[in-house]
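The next block holds one structure in the form of structure tokens; read it before the comments.
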Amino acid sequence: MAKYDQHMLTTASIEGTEPPSVLVELHRRAETKYISATENFLDNYYVALQGSRHTIASYFCPFERFADGKELPGMVWNGNVFRTPEEYQALYEDRMPFTHYEVQSFDCHVLNPTAMAPDKLKGGSGEQDKDIEKRMSIVVLVSGTVRLDEPKTGPLKQFSETFVLVPNPEKTANGPKSVVKAWVIQNMNFRFVV
Amino acid sequence: MSPLPQSLPATDPTQNPPLSEVAAALAPYIHTRAETLRIRRLLSAHLAASLTHEESTDGETPITHLTLGAPPSTLVVKRTPKELQGGGDARVRAAYLSALQSHAVAKKRYQALRDEIEELRQSQVVDSASRDVNRGDGAAEEYIQLVKLRRRVERTKVVDKAVERVCDARLVEGGAGGIGKRRTGVRETDREGDVVMDGGISRSAEGRGRGGRGRGGRGRGGGINTERLQREVLKHVGDGARPPSMRNITPDRQSSLVELQVTGWLNSKASSNDDRGVSSLITFLERHATKRSALFRQRGGKAATGSRIKRSRVEGDTLHIFVLQQEYESYSRLNNFVFAGKSITVTCENPPRSRSPHNSGTSPEPANEVQQLIQDLLSRRFDYSSKLLSLNALGTDEQLQEIGMFKTPETQSKFFLATMKVCSAQFQTAEEKRETIQSVSLADNNLPNLSIVTSLAQTFPDLKNLDLSGNKIENTSALGAWRHKFRHLEQLLLNNNPIEKLQPGWEVEVMKWFPKLRLLNGIQVRTDAQLAQMDQSKAIPLVQAPDFRDEGGIVQNLLLKFFTAFDSDRPALANMYYDNDCSFSLNVNTHALRDKDAQEMLKQSWDPYIRISRNLKHLNNPKVRTNRKITGPEEITKTWAQIPATRHPALTSEFHKWVIECASQPGVPDPTGTYPQGVTGFMVTVHGEYEEPIPSRQDRTMRRSFDRTFVLGPGGPLKVRILSDILTVRAYGGSAAFRLGLPVAAPIIAPVVAPAAMTPVTEQDLMVLELAKITGLTLEVAKQCLETSNWNLHTAMGTFETHKATLPPTAFA
């Protein structure tokens, strides 16, 4: 992390003929943070799918139904629609055989730097243009393989998975590194592609 | 042989009449020494008459009765005298002579073989010596082999030690709250350790070459290998079963440990800790013992290494610690030290006597008794026909009681672990074990929980029947150690356990734990049908049709234009759907699986893509990471210009080559800025393929597959913009995985239908399915609808919309 920050400062000084504004600098900080946030998330998520399936539901934002009938989180697995994180967890706990995921490539963008209202961030400053790196939403596209049934010998499938990650409202901004996840899935789509 | 002592009461018949009778009866057979000698001489002379030395050079060894007792190999039988063929003692002499004859023959053969071996050995030395000179590399090869072998031996030793430690650690943990923290992580290696340990010894030679003790006849698992058993037992049981006083004081690692007992620490200030302060007590003892060690004083107060407690366990209020013998002194000095406000007592029941190694071979070996016990136990309690290993009521087993195997929980669990080790050592493969032992009974063992017997789950993971009745199990948490074990358990008996009264509803809990359980306490809890159904629902869900939740055709309209424009006019496309808030990036997955049947097996070149690829899995340079995300229509146009020309299959007619899904996506940036937390847009995922010209061969194209995610939101000239566009390009993977209803775990079977015959039919069928899914029409009506619309899905949709109101309810599925 320190490496990136340092780097950003140097590039800023080279590129910018005048000192960047506060807002630009905050966006820049978000820029460096969203990739590592995604990396951490993917590392944990795919390990959970494999080895700690009882925690799968905790990787999603809580079920919510809106006035227009839309529901969150969105979960589509090979065309099968799951309504609640618990249903998706049950898929893995009760029906899925052994799985081993390997991420071969991924890419991500910040979707909305201010996805979370400033007052929703626990322990945040409450200002609209601050704490961007904790309030943004991220869109992620993953490509990889999953081994089914048996380690090493089971059938291998190519998958593609898309996530939209949002800040976990349960997470406090400056609290201790708790078990509460910083990012949760708001929208997910998984497909076997080969 | 000695004459009857004259002082014996034989002379006094009134005092001991029976003995005098015996003496009288024996009198003819009892001779004085002189008489005996005379008889011997006579006998010798008689036998000598029929014997001679092979090479009668000078008869250097006269044939005496001593020669006859231990005959040299040169002695041969001349002839068997005719008169010896009668009865009586003559027959004995004849037997002696014939025995002597064969003895002589055997001795000669032995000598000859020895000579031969010696000769061979000599020649080999010469041979290898000459090879050393002549064929240097051959010798080197042999040497390398030797070094390799040595390394393997070392490795095996390390593994062996690790296994030993694992067992120790497990026993300490399994005991009454011993200290486990020093050996963290060893538990997991246990199973591996087993395998390696078994592999390290040639089992075919040892495990199979048994039956020397007449214990065969029990089938495959019946015989017990003594040597192996002894080793196992020594390793796992011997230490605990042997009273400390018998511990050999030798340089051997384990036996040089001395046990001390520490008491009086129980209610110290540290007792509120999780482990009742045991770990801090141990640290305390180690620290002070280090200060008092001789080595420490020699070095003027600078200890090279601290004094360590090798093992420890807690029994009640006593902490048993095991330290090296040379450190015994420093630990015994800690008596009456004050630990966390309490004065502690350090005692030793069996202080080491001296350093001289003694009493090693002579004392009775208790491990042998234990070994005998396990042998007996297994052969007595295994029934081959019913495949049942009955380990019930072990506490009342008289032989086990004798050896004190059930005095403390520690020895119990050690004994059980040793038994398990011995059991599994009998089988070469897991299949053999699974087939041979299908049921285990642990009934009537007074078990309050599974800590003593937990290793059963590792030894027999595929057990079908398990009897735990008549124990002291109070609740399901006492069974927790086996919660995720025994995945094939069909029958479980828990009768006569307190759990039946103390935890209502325990049956439901236990049923959940064991997915194949049919009979619980003899009551059927799952029928075959239920089990079959469970198996079925275990299957992974089938691949379903795309979940396309568009609103007002926004996404559909965009996609219909998008890929055609991407193939023909990228700058126009970039300016149509992207503005300065919109980002694009592309990444190449060069490792993706390919379609095995496709022609594109030729090497895929990624050159034009790699320069712009943003695969964050492998790209670590922060600057490059930032630069390869492209924002704004101008930059996007520039980047798209670097991507080779593409031709996507038509969405309308070749949609079986596509999977397109979309879902509503809240929190998409609002172009007006009114809602900083965003408005509702769409998340669109597209999986498909395209053709690309091969640079070297202008007339030919190659196929590639791609995955692409768009996030759509309001804004831009067409009122809809692509805020985020992430594209993954990979080798051609075909569209087989997109087919509906495919059991996803099944291996992909290459289509047997010729591609030409397949296209029209499958396509139309898929269109029917698709229309039926969207409209909710029955397949038949959907087909009619498509037929009237000339097999155009979009026209068919229009037709459906106009006729929707007039359609009868039967038209809908």
Side-chain angles (χ1 to χ4, degrees), chain A residues 3-4 7-8 11 31-32 35 38-39 66 68 70 72 74 76-81 91 94-97 103-118 120 128 137 139-145 148-149 154-158 160 162 164 166 186-187 189 191-194, chain B residues 537-547 583 585-595 614-618 622-623 625-626 629 659 661 663-669 676-678 680 683 685 687 705 707-709 711 723-724 726-728 730 733-734 736-738 740 744-747:
Chain A
K3 191 175 69 183
Y4 297 166
H7 177 81
M8 288 324 294
T11 51
E31 282 282 300
T32 64
I35 298 177
T38 308
E39 278 172 338
F66 298 93
D68 58 0
K70 292 197 178 102
L72 283 179
V76 182
W77 186 93
N78 274 313
N80 296 271
V81 181
L91 163 75
D94 302 338
R95 300 179 67 176
M96 277 296 217
V103 174
Q104 292 170 324
S105 76
F106 80 91
D107 193 3
C108 55
H109 294 167
V110 172
L111 177 56
N112 184 351
T114 55
M116 186 188 235
K120 288 262 180 68
Q128 186 55 252
S137 58
V139 53
V140 189
L141 178 60
V142 181
S143 179
T145 57
L148 298 165
D149 298 338
L156 197 61
K157 307 282 288 182
Q158 185 78 33
S160 171
T162 303
V164 173
V166 292
Q186 189 187 45
N187 227 333
N189 185 297
R191 269 278 167 186
F192 288 129
V193 290
V194 180
Chain B
S537 70
K538 271 299 246 200
I540 316 183
L542 304 180
V543 169
Q544 298 295 326
D547 179 52
S583 299
S585 60
L586 171 150
N587 68 88
V588 179
N589 178 3
T590 50
H591 292 85
L593 303 178
R594 296 163 185 224
D595 182 353
R614 191 180 191 246
N615 178 355
L616 296 173
K617 176 82 182 172
H618 299 301
K623 193 175 173 182
R625 280 180 161 193
T626 309
K629 191 183 84 171
V659 171
E661 293 177 286
S664 119
Q665 173 60 55
V668 170
Q677 275 69 63
T680 301
M683 180 182 89
T685 54
H687 311 284
S705 286
D707 308 298
R708 197 165 189 168
T709 292
V711 178
L723 283 150
S724 180
I726 309 179
L727 170 63
T728 300
R730 50 187 168 82
F738 304 159
L740 305 188
V744 291

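Numbered from 1 within each chain, the chains take letters A, B, ... in sequence-line order.
- In the model, B:T728 has no side-chain atom that pairs as donor or acceptor with a side-chain atom of A:S143 under 3.5 Å.
- Inter-residue side-chain proximity for A:V142 and B:K617 is flagged as unmet; no heavy-atom pair is nearer than 4.5 Å.
- Proximity to chain B involves both the backbone and the side chain of A:V139, based on heavy atoms less than 4.5 angstrom apart.
- With respect to chain A, the highest number of heavy-atom pairs below 4.5 Å among B:P669, B:G734, B:S705, B:G733 belongs to B:P669.
- Using modelled atom types, no side-chain atom of B:R594 and backbone atom of B:R730 make a donor-acceptor pair closer than 3.5 Å.
- Interface remark: of the candidates B:L586, B:D547, B:L593, B:L593 forms the most heavy-atom pairs closer than 4.5 Å to chain A.
- Both the backbone and the side chain of A:V193 come within contact range of chain B, judged by heavy atoms closer than 4.5 Å.
- Looking at B:T680, only its side chain comes within 4.5 Å of chain A, counting heavy atoms on both sides.
- Side-chain atoms of A:H109 and B:S724 include a donor-acceptor pair closer than 3.5 Å.
- When each of B:H618, B:R708, B:K629 is checked for heavy-atom pairs under 4.5 Å with chain A, B:K629 comes out on top.
- Between chain A and the residues B:A545, B:S585, B:G667, the most heavy-atom pairs under 4.5 angstrom are made by B:S585.
- The contact between A:L111 and chain B is made by backbone and side chain atoms together, counting heavy-atom distances below 4.5 Å.
- Heavy atoms of A:L91 lying under 4.5 Å from chain B belong exclusively to its side chain.
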